[in-house]
Structure formats: structure tokens, C-alpha cells
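Below is one structure, written out as C-alpha cells, with a few remarks after it.
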Amino acid sequence: MGNLCEVFKSSFEQTYEPFIAVLERFPGIKAVLHYSGSLLDWLAANEPSFINRLSALAAAGQVEILGGGYYEPILPSIPDQDKVGQINFLSERLEELFRVRPQGLWLAERVWEPHLALPIAEAGLEFTAVDDTHFQDAGIDELDHYYRTEEAGAALDIFPINEELRYLVPFKPAHETIDFLSDRRAENKPRLFVLADDGEKFGGWPGTHEAVYEKGWLEQFFSLLEEQRDWLKMVTFSEYRVLFPPRGPVYLPTGSYREMKEWSGGFWRNFYHRYPESNRMHKKMLAVRRRLHELPASEGSFAEAQKRLWAGQCNCAYWHGVFGGLYLNFLRAAVWENLLHAERIADEALEKGPFLMISEEDRSYSGEQAIVLNSDRFSLLFSPAQGGSLWEFSWRPAAVNFLDTLTRRPEAYHQEYLNQAAAPPPESEGEVDSIHNRKVLKEEGILEHLVYDPYPRGALIEHFLEKTVTLKDFSKGKQVELGDDFLLKPAEVHIERLSGPEHDGAEGVKLSFHRAGIHRDGIALLLEKVITLFAGEDRLQVDYALTNRSRKEAALSFAVEFNLAFLGGYDEGRYYRVPGRELREAHLASAGSEKEVDEFTLVDRWRNLALSFAFDRPALLWRMPVETISLSEGGLERTYQQSLLLPRWDLTIGPGERQAIGLSLQLARVSADDGAETAAAPPDQAKGCAAKV
């Protein structure tokens with residue numbers, strides 16, 4: 001979900017269509033194909049003749065179509081009711097498109113947990129495939145057959161995927177795969193070897209289109225397979241199950257393919273611990289689901305909201321390995337967009353008119369209470385344990401979370417690239433490297449941009465800084481903090497309900513956070529932060545107060561950090577605007593310092609919105625991009641994640657004195673006279689992320 005249309009078009013032209021074109025020329029070759037529901041939606045809308053070709057192959061028995069979760073969720077990460085619902089949704093879609101109902105399931109990223117047998121069986125599917133490492137972890141060495149497991153009496157057959165074949169095909173000469181199989185022939189029994197892997201490795205991964213199609217690897221491979229037909233038979237999963245019964249029972253431990261276990265630390269759900277950003281998306285999904293299920297299933301809007309919820313369960317943005325995944329901001333944005341649409345649909349059905357709801361809950365399942373504030377305009381998540389900082393800032397009219405941000409953190413491959421830069425390996429010739437082995441830099445000098453954040457990047461984060469700290473220091477996380485008792489430290493909170501005639505009697509809320517501490521200069525301070533919000537309004541008011549509890553004067557440099565995710569840092573449709581000033585660079589990935597700023601705006605013409613800040617006393621305003629260095633199938637790349645904004649005030653506070661600073665945040669749709677030309681329509685948010693073969 002959220003992938004770009006040009007990516008789908010390129011993948012179709014480079015991978016999906018040419019693979020089927022070759023397969024059609026070899027009617028003796030059988031294949032099992034899985035397409036996510038998202039990708040099927042794109043194909044049906046953009047390449048309907050391709051659907052017809054697949055349907056003909058399925059009718060001829062040359063192809064078996066596998067089912068799965070419609071939006072390719074990691075099944076253990078979603079509730080069982082959604083597992084069954086998504087599987088049935090895709091099965092119905094496959095029956096509609098291909099006139100065949102699947103018998104088996106492609107398990108997204110082969111993430112297996114033992115309880116999955118029950119919901120998969122309840123959805124009417126009979127088998128799946130996981131990696132041979134799952135079986136080896138259970139002490140099962142005979143991997144030339146399939147096995148049966150059960151959960152609560154529900155049976156499921158499981159095929160082992162051969163890892164050696166995954167690395168042979170299509171990266172080694174075609175005859176090496178034939179040699180591999182020939183060496184394992186047995187005269188006294190049939191042996192089964194399963195190759196199941198990403199379809200994109202046949203043309204979509206770097207260098208593979210040239211090798212697989214232009215140089216004829218796939219043609220040669222299929223020809224060699226047909227030449228061995230006297231001893232080598234190709235079958236689909238369902239055909240093999242008719243020929244031979246399973247062995248069993250077996251009970252496999254949790255796991256995935258070897259590389260995924262390395263990336264996750266052995267257990268896929270560890271990604272929620274490793275990346276708090278992923279955890280926030282996942283727990284938002286669960287919260288939206290709870291809200292949705294307050295609606296009766298018969299409610300007219302329930303089906304659309306549920307579909308949006310399921311789309312928000314698409315796995316790609318929740319984890320990171322060799323693909324961009326979590327680091328791709330447009331994938332995360334699509335998850336948030338779908339979840340926020342589902343939430344809005346449910347709220348509009350349950351609430352009549354403007355509303356305001358507030359609760360305290362352990363949203364992150366960390367043992368720390370968060371404050372969740374939902375109105376008809378906003379979804380907000382505050383953390384008292386981190387000083388009342390803000391970690392979700394969603395504006396419902398645009399279905400955008402401005403705190404869909406990312407903290408820059410070390411990845412294991414960073415050191416591998418640094419080591420390679422210090423001692424480059426000799427270049428290999430001839431064979432195409434698997435993406436698991438490639439060490440490519442997509443930008444010269446990219447390693448110079450490696451920066452790690454000393455704390456997580458959110459909003460309403462308070463700093464006491466040295467007056468000599470520079471913008472460059474802060475952008476690299478090298479600033480000296482003079483308020484050790486304040487940066488993301490726990491705050492006491494008080495919640496007050498409001499209602500006033502100046503707001504047409506609308507319900508409101510005032511959140512008050514306060515914490516006391518010692519400035520490094522020996523000044524005892526009380527920091528108060530008050531957030532005020534009313535139902536029906538697109539405005540947040542934030543009021544700070546600093547009280548000097550010491551007997552000497554305090555000279556302080558106080559700053560408030562905001563990280564705001566606007567997707568595109570360099571395009572002309574997203575920019576800063578400061579009234580009365582001409583910025584040398586206005587795009588959202590620009591860096592700069594502006595003195596005496598009392599208001600400014602971030603404009604997003606693509607999504608037709610503007611976020612404006614106003615201060616009751618002028619500030620020194622710093623702006624800078626936050627860009628990550630992450631691995632993708634194409635190599636190491638730099639990605640704009642968010643814009644960091646830091647309004648700063650130099651204050652002198654006398655003994656016992658209290659000084660206040662007020663700021664407001666206002667959301668609005670972009671007007672025609674905002675000083676910028678209307679941008680062209682953005683690329684369609686394409687539907688889907690992968691096909692498997």
C-alpha cells in the first residue's frame with residue numbers, strides 16, 4: 001500500500017509480464033503464483049489482459065494460484081478475526097478474477113507462529129509453505145516431503161522451501177540448479193524440492209532483468225527442466241498432495257526465513273521493540289480496530305472502514321531488512337492514511353457533530369500511561385513519561401499524521417559499508433549478486449551523512465541550550481543540553497475539561513504538564529506546558545511558563561522542538577513561507593536560521609493543506625531536514641523523513657519571576673491566494689507491494 005504507480009508499472013514491465021510471457025512458451029513447466037490483493041487491484045485496473053492470460057494458464061492447469069491475506073499482512077501481527085477476514089477477502093477476489101478458489105496460502109514473509117494453523121484452516125485453506133529452517137529448528141531433517149500440523153484440532157499441511165534453491169535461482173548458471181537436483185536423485189523414492197521466493201528476483205532486483213530475460217537465463221532454465229522430464233517432474237502443491245499423503249504430525253516453532261530472523265533478532269515481532277515508530281503504527285491499528293468494532297457489522301459504513309483498516313495492516317512499512325520498508329516514508333504515510341480514514345468513518349457513525357474524547361492508557365504496552373486525545377479534527381498522543389511530548393499529531397480532514405517521523409539510529413549494515421569503504425573488495429564478474437550480498441552506494445559521499453539521534457524525534461520536546469550552539473551542531477545531535485532534568489523527562493499531568501461561549505459552547509480540554517529541575521547553571525526551574533483544544537476547531541494552543549525558583553537571575557536559551565513529516569523535502573509543491581520574507585531556499589529539506597519570527601507556515605500543495613505557527617513573542621527559528629541512511633534492494637540510499645523546526649528564545653528571568661511564551665498551531669486547507677501556483681495532481685497511490693513466485 002502506498003507504492004508509487006511508476007514502481008508498479010516498472011515492476012510489471014520488468015518482471016511480472018515477461019515472466020508470464022516466457023512461461024506461456026513452455027506449457028510443460030508448472031508454476032504456483034501469488035499476487036497480493038493490492039497488486040491484483042492495480043493489475044485489474046491497468047492491465048486487464050494480463051489477468052485474462054493468468055486465468056487461461058490457471059484453467060489449463062499450468063498455474064496454481066495461491067491465496068493469502070488480501071493486503072499482505074504479517075498474519076501473527078493482526079487479530080484472528082482479521083486473519084480470517086483478509087484471507088477470505090482475497091479468496092473471493094481470486095474466484096472472481098480467475099474462476100478458481102485457492103486451496104493454499106502464501107504466508108507473507110514466511111512469518112510462522114504455531115497458532116496460525118487454526119485461522120488459516122477456518123478460512124478454508126489447506127496448506128502453506130515455510131522455509132526449511134523452520135523444520136530444522138524443530139529437529140526435522142527429512143525435507144523432501146511435506147508435513148501436517150494442527151492447532152486445536154484444525155489441520156494444516158506445510159511444505160518446506162529449500163534455501164539452497166533460493167540462492168541458486170536465478171543467480172547461478174541454470175545448469176547448476178539441474179546439477180543440484182540430479183545429485184539428490186533417489187532410485188527408491190520420489191523426492192520433493194520446493195522453490196518459492198520473490199517474483200521480483202526475476203527481473204525486478206538490480207541486474208536480474210538483463211540476466212533473466214535479455215541474456216536468456218529463464219528460457220535456458222525452462223528448456224533444461226523440460227529436457228530432464230524422464231526423471232524430473234514439475235508439480236503444483238495441490239497436485240503433489242493428491243499424489244502423496246503428508247507425514248506428521250509436526251509442530252514448528254516461531255520463525256521466518258534465515259535473513260528475516262537476522263534482521264528481526266530471531267522473532268518478527270521484535271521489530272515493534274526495535275522501531276518505536278512501527279510499534280506506534282501497530283498499536284494505532286489495534287486502537288482503530290477497537291473503535292471500529294463498536295459499530296455493528298450491519299452498519300452501512302462498517303465494510304468500507306474495515307477495508308481501510310485491513311489496508312493499514314499491509315506489512316511493508318512495519319519492518320526493515322534489505323528492502324526500504326519502514327524507511328520509505330510514503331509506505332508509512334499510506335498505513336496512517338488508511339487507519340485515519342477507518343477511524344474517521346467509525347467516529348462519524350458513532351458521534352453526531354463535533355466531539356472530544358480523552359483517555360489515559362498504556363497505548364505502547366510499555367507500562368507507561370499515555371494521554372490519547374481524539375476530536376472530530378485531531379488524533380493526538382501525549383507522553384507524560386517523556387515530558388508531555390507529542391507522538392501522534394493527526395489531522396483528520398487530510399488523513400495525515402504529521403508525526404509519522406523517524407529517528408536516525410544505527411543499523412548493522414552501516415558498519416559493513418564503513419568497513420567496505422575502508423577496504424574495498426575486488427569486483428566480481430559474470431554472475432548477478434543476490435540483493436543480500438550487494439554493497440552498492442546510490443550516492444557518492446553518502447556515508448558522510450550518517451548521523452544518529454541522541455533521543456527520539458517527536459514534537460513538543462523542550463531544550464535548554466548553550467547560547468553558542470550552532471544549527472549544524474543541533475542537526476547532528478551534538479548540542480550540549482543544559483537542562484538534564486527536562487529533556488524528555490517525566491512530567492506531572494492535570495486534565496481539565498472546558499466549555500465556553502467564545503467557542504460556541506463546544507467541549508474543550510486543557511492538558512497541563514509541569515516538572516521541576518535544575519538548570520546546569522544551578523538555577524532551580526519550574527517548567528509548565530499547557531495544551532488547549534476545542535472540539536470542532538483546527539487549532540492547538542500551547543502555553544509555556546518558566547519560573548525561576550532560585551535567588552539569582554537566570555539567563556536561559558529555551559527551545560521547543562517539532563519534527564513534522566511532509567513526505568517530500570525537495571519538491572516545489574511543499575515549502576516554508578514566512579510572511580514578509582523571501583527565503584533563499586524554501587523547500588522543506590532546506591536548512592536555515594531566521595531571526596525575529598512571529599509566524600510561519602509549512603505548505604503542502606499535494607495534499608492541499610497548510611500548518612501555521614504563531615508565537616506571542618518573536619523567536620529565532622531554526623529549520624533543518626532529518627534524513628536517514630538506509631538499505632534498499634538498489635543499495636544504500638539517503639531518504640528525507642521530516643523537517644525539524646526549533647523556535648528558540650533567549651530569556652532573562654529574575655529570582656522568583658515567571659515568564660510565559662505562547663504559541664499556536666493552526667491547520668487549514670490551502671487557499672488559491674496563498675502565493676503559490678497550484679501544483680499538479682500527485683501520482684496515484686498505487687495499491688500493493690509484491691508478487692511471489
Side-chain angles (χ1 to χ4, degrees), residues 329 393 402-403 405-408 443 445-446 448-451 453-455 457-481 542 557-606 609-629 638-651 661 663-666 670 674-677 679:
N329 57 11
F393 179 26
F402 297 106
L403 279 171
T405 57
L406 203 63
T407 298
R408 296 170 293 186
E443 176 185 339
I446 192 173
E448 298 172 7
H449 296 278
L450 269 179
V451 173
D453 292 316
Y455 54 88
R457 296 294 188 185
L460 292 178
I461 298 173
E462 294 79 35
H463 300 268
F464 291 94
L465 302 173
E466 287 185 322
K467 291 187 177 181
T468 57
V469 70
T470 66
L471 174 65
K472 184 176 181 180
D473 292 336
F474 197 91
S475 68
K476 294 184 177 296
K478 294 182 178 180
Q479 73 274 12
V480 175
E481 298 284 344
V542 183
S557 185
F558 176 66
V560 182
E561 178 178 344
F562 295 86
N563 289 271
L564 299 169
F566 273 76
L567 280 179
Y570 294 91
D571 69 61
E572 296 179 356
R574 296 181 171 105
Y575 51 88
Y576 294 106
R577 187 177 63 212
V578 180
R581 306 192 192 191
E582 188 72 30
L583 298 178
R584 186 173 62 85
E585 287 186 309
H587 60 80
L588 296 184
S590 64
S593 177
E594 296 290 323
K595 296 179 180 179
E596 296 293 308
V597 174
D598 51 20
E599 63 178 292
F600 71 96
T601 300
L602 295 89
V603 178
D604 185 340
R605 302 287 300 178
W606 295 116
L609 61 87
L611 171 58
S612 297
F613 286 72
F615 310 124
D616 66 0
R617 63 166 74 186
L620 171 66
L621 178 66
W622 283 352
R623 70 183 191 278
M624 64 201 77
V626 175
E627 297 177 317
T628 54
I629 307 298
R638 180 160 54 122
T639 304
Y640 165 85
Q641 297 294 345
Q642 67 243 20
S643 296
L644 192 158
L645 297 157
L646 194 83
R648 176 177 166 182
W649 297 268
D650 290 338
L651 307 174
I661 298 172
L663 57 120
S664 65
L665 288 73
Q666 177 76 49
V670 177
D674 74 342
E677 294 183 3

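Just so you know, these numbers use all the heavy atoms, side chains as well, and skip hydrogens, waters and symmetry mates.
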Evaluate the side-chain proximity of Phe615 to Phe600: yes if any heavy-atom separation is below 4.5 Å, no if none is. yes
Residues Glu627 and His449: side-chain donor-acceptor under 3.5 angstrom: no
Between Arg648 and Val560 (side chain of the first, backbone of the second, donor and acceptor by atom type, cut-off under 3.5 Å), is there such a pair? no
Salt-bridged, Glu561 to Arg457, with N to O below 4.0 Å? yes
Interatomic distance, Lys472 atom NZ to Ser593 atom OG [nearest 0.5 angstrom]: 15.5 Å
For the backbone of Ser557 and the side chain of Trp649, can you confirm whether one donor and one acceptor N or O come within less than 3.5 Å of each other? no
From OG (Ser475) to CZ (Arg623), nearest 0.5 Å: 13.0 Å
One pair to check against side-chain contact (heavy atoms from CB on, under 4.5 Å): Phe566 and Leu611. What are the steps and the verdict? CA-CA 10 Å; Phe566 273 76; Leu611 171 58; 4.3 Å; yes
Between the CD atom in Gln642 and the CG atom in Asn329, the distance rounded to the nearest 0.5 Å is 9.5 Å
Is a side-chain donor or acceptor of His587 paired with a backbone partner of Gly569 at a separation under 3.5 angstrom? yes
Would you check if the side chain of Asp473 reaches a backbone N or O of Lys476 as a donor-acceptor pair within less than 3.5 Å? no
Identify the heavy atoms of Ala610 and Thr601 that sit nearest to each other, and give their distance. CB-CG2, 3.8 Å
Are the side chains of Phe402 and Leu602 in contact, using a 4.5 Å heavy-atom criterion? no
Nearest 0.5 angstrom please: Tyr575 OH to Asp604 CG, how far? 9.5 Å
Find the distance between CZ (Phe613) and CG (Leu645) and round it off to the nearest 0.5 Å. 6.0 Å
Do other residues, nucleotides or ligands put more than 12 heavy atoms under 6.0 Å from the CD atom of Glu443? yes
Can you check whether Ser643's main-chain N or O pairs, donor with acceptor, with Asn563's side chain at less than 3.5 Å? no
For a 4.5 angstrom cut-off between non-hydrogen side-chain atoms, does Arg408 reach Val626? yes
Output every pair passing salt bridge (Lys or Arg N to Asp or Glu O under 4.0 Å) with a member in residues 582-593, not counting sequence neighbours, ordered by first then second residue. none
Using every non-hydrogen atom in the two residues, find where Arg617 and Leu651 come nearest and quote the distance to one decimal. NH1-CD2, 3.0 Å
May I ask you to test the Phe393-Leu665 pair for a side-chain heavy-atom distance under 4.5 Å? yes
Do Leu663 and Phe562 come within less than 4.5 Å of each other through their side chains, counting heavy atoms only? yes
Please tell me if the side chains of Phe474 and Met624 come closer than 4.5 Å, counting only heavy atoms from C-beta onward. yes
Give me the atom names and distance for the closest heavy-atom approach of Ser590 to Pro625. O-CD, 3.8 Å
Are the side chain of Asp453 and the backbone N or O of Tyr455 linked by a donor-acceptor pair below 3.5 Å? no
Determine yes or no for a side-chain-to-main-chain donor-acceptor pair under 3.5 angstrom, with Thr405 supplying the side chain and Gly458 the backbone. no
Candidate pair Asp650 and Lys467, rule side-chain contact (heavy atoms from CB on, under 4.5 Å), full reasoning: CA-CA 8 Å; Asp650 290 338; Lys467 291 187 177 181; 4.2 Å; yes
Can you tell if the side chain of Asp616 reaches within under 4.5 Å of the side chain of Ile661, non-hydrogen atoms only? yes
Side-chain contact, heavy-atom cut-off 4.5 Å: Leu567 with Arg574? yes
Decide if atom NZ of Lys595 counts as having more than 12 heavy atoms of other residues, nucleotides or ligands within a radius under 6.0 Å. no
Give me the atom names and distance for the closest heavy-atom approach of Pro454 to Gly477. CG-O, 3.7 Å
First locate atom OG1 of Thr628, then atom CG of Leu406, and finally report the distance between them rounded to the nearest 0.5 Å. 5.5 Å
Using the test ring-ring contact (aromatic ring centres under 6.0 Å, His included), find all partners of Phe558 that sit at least two apart in sequence or belong to another chain. Phe464, Tyr544
